Asker: 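Attaching a single structure in structure tokens format; questions to follow.
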Protein chains: 2
Amino acid sequence: MADPQWDPYDRNCPTRRVLDRIGDRWTVLVVGTLDDGPMRFGEITRRIDGISQKMLTQTLRGLERDGLVKRTLYPQVPPRVEYELTEAGRTLREPLKALEDWATTHIGGVLEAREQYDQAV
Amino acid sequence: MADPQWDPYDRNCPTRRVLDRIGDRWTVLVVGTLDDGPMRFGEITRRIDGISQKMLTQTLRGLERDGLVKRTLYPQVPPRVEYELTEAGRTLREPLKALEDWATTHIGGVLEAREQYDQAV
DNA sequence: CCGTATCCGGTCTGATACTG
DNA sequence: CAGTATCAGACCGGATACGG
């Protein structure tokens, strides 16, 4: 399947859909964190600065729904839940890394340009 | 500037900032469109399906502010305005392309997983 | 032609409180 | 520990009307 000659300016094209997916506040950070290996809910919470329980749950559910994260519940008391990237989830890391690299390299210039622009007003 | 050992889970890290920048609905599409070369406002509008004047203006202003797009006004009547990617703007295309490629390759699986997940409910 | 100004509804998020 | 429920504010984006 795939490749029905997508028009990139069509709102249903894959890129748009993927951006809607990862463009939110937390998804990229969660994927990046899980790249370190399987991890418990609490561990992820501690690693990501400022995320709330609600948003972490919501983000993980979304990723699980899209087959990018696998959720494993160990029926214990207290419960233990582990999350890990699926095969598909791991492949997402590469393009994300490219973006991170760009960010690190260019953020200085961007911030500088921003300051200049704001002063010119 | 740059490289004060960013904590990727800090909300001020470059990646986060860049994602806040390009994570919106239109920025990526505008950058992709301008990659074809300098272009007038109306031309961009026609190329991008569904964008409103307001959002195009807003997106272009943001990109201009960050030094990723250059705006040139030709003082004519009626006015003629051209937009083009700056050097920095062009470098952004590469990581964006990586994301597009991932999207094209994996969107099928994602959509499929989503369907299964939703049925399981 | 290329915008700006305004209103307004939907979504995203965070804070808080509660549960198996 | 790992969630769910609820509420309210911020923000995004679209529609519309008007201006240089």
Side-chain angles (χ1 to χ4, degrees), chain A residues 9-12 16-31 33-34 38-66 69-84 117 120-121, chain B residues 9-12 16-31 33-34 38-66 69-84 117 120-121:
Chain A
Y9 310 115
D10 175 356
R11 320 169 77 158
N12 280 323
R16 170 64 62 84
R17 281 170 179 270
V18 167
L19 275 167
D20 285 349
R21 180 86 215 58
I22 68 162
D24 66 21
R25 206 156 200 66
W26 302 110
T27 294
V28 168
L29 287 175
V30 170
V31 170
T33 303
L34 286 178
M39 215 170 292
R40 301 184 60 174
F41 187 92
E43 174 74 11
I44 308 175
T45 306
R46 277 186 300 279
R47 289 225 201 180
I48 302 182
D49 176 52
I51 196 169
S52 64
Q53 275 194 337
K54 173 189 164 182
M55 290 317 297
L56 181 53
T57 300
Q58 196 170 301
T59 303
L60 286 168
R61 287 291 173 281
L63 286 168
E64 191 195 354
R65 177 171 181 250
D66 288 351
V69 157
K70 177 164 166 253
R71 178 180 187 267
T72 309
L73 166 67
Y74 298 90
Q76 310 172 351
V77 177
R80 168 195 182 86
V81 183
E82 277 200 351
Y83 294 90
E84 60 185 314
Y117 184 95
V121 180
Chain B
Y9 309 115
D10 174 356
R11 322 168 76 158
N12 279 325
R16 171 64 62 86
R17 281 171 179 269
V18 167
L19 275 166
D20 285 349
R21 181 87 216 54
I22 68 161
D24 66 21
R25 207 156 198 67
W26 302 109
T27 294
V28 168
L29 288 176
V30 170
V31 171
T33 303
L34 286 178
M39 215 170 291
R40 300 185 61 176
F41 187 92
E43 173 75 12
I44 308 174
T45 306
R46 277 186 301 278
R47 288 226 202 179
I48 302 182
D49 176 52
I51 196 169
S52 64
Q53 272 196 337
K54 173 189 166 182
M55 291 317 296
L56 180 53
T57 300
Q58 195 170 300
T59 304
L60 287 168
R61 286 292 170 283
L63 287 168
E64 190 195 355
R65 178 171 181 249
D66 289 351
V69 157
K70 175 164 167 255
R71 179 180 187 266
T72 309
L73 166 66
Y74 299 91
Q76 310 172 351
V77 177
R80 166 195 181 87
V81 183
E82 277 199 353
Y83 294 90
E84 61 185 313
Y117 184 96
V121 180

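This structure is a prediction, so every number in the text was calculated from the model and none was measured. In what follows, every chain begins at residue 1, and chains take the letters A, B, ... in the order their sequences are listed.
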Asker: Taking only Lys NZ, Arg NE, NH1 and NH2, and the carboxylate oxygens of Asp or Glu, determine whether B:Glu43 and B:Arg40 approach each other closer than 4.0 Å.
Answerer: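 Salt bridge flag = no for B:Arg40 with B:Glu43.
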
Asker: Hey, mind stepping through B:Tyr83 and B:Thr72 against side-chain contact (heavy atoms from CB on, under 4.5 Å) and telling me if it holds?
Answerer: CA-CA 6 Å; B:Tyr83 294 90; B:Thr72 309; over 6 Å; no

Asker: Measure the distance from CZ on B:Arg46 to P on C:dC2 and round it to the nearest whole Å.
Answerer: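 After rounding, the reported distance stands at 8 Å.
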
Asker: Just jot down the salt bridge (Lys or Arg N to Asp or Glu O under 4.0 Å) partners of A:Arg21, sequence neighbours excluded, or say none.
Answerer: A:Asp66

Asker: Check whether any side-chain nitrogen or oxygen of B:Arg40 sits under 4.0 Å from OP1 or OP2 of C:dC2, and answer yes or no.
Answerer: yes

Asker: Please tell me if A:Arg80 has a side-chain N or O lying less than 4.0 Å from either OP1 or OP2 of D:dG3.
Answerer: no

Asker: Measure from NZ on B:Lys54 to P on C:dC7 and round the result to the nearest Å.
Answerer: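 Rounded to the whole Å, the gap is 12 Å.
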
Asker: Reading DNA chain D from 5' onward, which residue's closest nucleotide shows up sooner: B:Asp24 or A:Glu43?
Answerer: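 With B:Asp24 and A:Glu43 compared, the 5'-side residue is A:Glu43.
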
Asker: In terms of side-chain heavy atoms of A:Val81, which of C:dC2, D:dA2, D:dG14 is nearest?
Answerer: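 Among the listed nucleotides, the one closest to the side chain of A:Val81 is D:dA2.
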
Asker: Measure from the side-chain heavy atoms of B:Trp26 and tell me the nearest of C:dT4, C:dC1, D:dG13.
Answerer: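 The answer is D:dG13, which lies nearest to the side chain.
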
Asker: If every non-hydrogen atom of A:Val30 is compared with every non-hydrogen atom of A:Leu63, which pair is closest and at what distance?
Answerer: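 Closest approach of A:Val30 to A:Leu63, heavy atoms only: CG1-CD1, 3.9 Å.
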
Asker: In this structure, how many angstroms lie between the P atom of D:dT4 and the CG atom of A:Leu60, rounded?
Answerer: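 Taking atom P of D:dT4 as the reference, CG of A:Leu60 is at 11 Å.
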
Asker: Below 3.5 Å is the cut-off: list the nitrogen or oxygen pairs between protein and nucleotides 17-20 of chain D, distance only.
Answerer:
none

Asker: Picking from C:dT13, C:dT4, D:dG3, which would you name as closest to the side chain of A:Arg61?
Answerer: D:dG3

Asker: Please test A:Leu60 against A:Leu34 for side-chain contact (heavy atoms from CB on, under 4.5 Å), starting from the C-alpha separation and ending with a verdict.
Answerer: CA-CA 11 Å; A:Leu60 286 168; A:Leu34 286 178; 4.2 Å; yes

Asker: Could you walk me through whether B:Lys70 and B:Glu82 pass the side-chain contact (heavy atoms from CB on, under 4.5 Å) test, one step at a time?
Answerer: CA-CA 8 Å; B:Lys70 175 164 167 255; B:Glu82 277 199 353; over 6 Å; no

Asker: Tell me which nucleotide among D:dG13, C:dC2, C:dG3 gets nearest to the side chain of B:Met55.
Answerer: D:dG13

Asker: Which part of the nucleic acid, if any, lies within contact of A:Tyr83, taking any heavy atom under 4.0 Å across all strands shown: a base, the sugar-phosphate backbone alone, or nothing?
Answerer: sugar-phosphate

Asker: May I have the distance from B:Arg25 (atom CZ) to C:dT11 (atom C1'), rounded to whole angstrom?
Answerer: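 That distance rounds to 10 Å.
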
Asker: Whole angstrom is fine here: how far is it from CG in A:Leu56 over to P in D:dT4?
Answerer: 11 Å

Asker: Not counting sequence neighbours, which residues clear side chain to side chain donor-acceptor pair (under 3.5 Å) with B:Glu84? List them please.
Answerer: none

Asker: May I have the distance from A:Leu73 (atom CG) to C:dG20 (atom C1'), rounded to whole angstrom?
Answerer: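 In whole Å, C:dG20 C1' lies 12 Å from A:Leu73 CG.
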
Asker: Whole angstroms only, please: what is the CD1-P distance between B:Ile44 and C:dC1?
Answerer: 14 Å

Asker: Let me know the distance between CD of B:Gln58 and P of D:dC11, rounded to the nearest Å.
Answerer: 13 Å

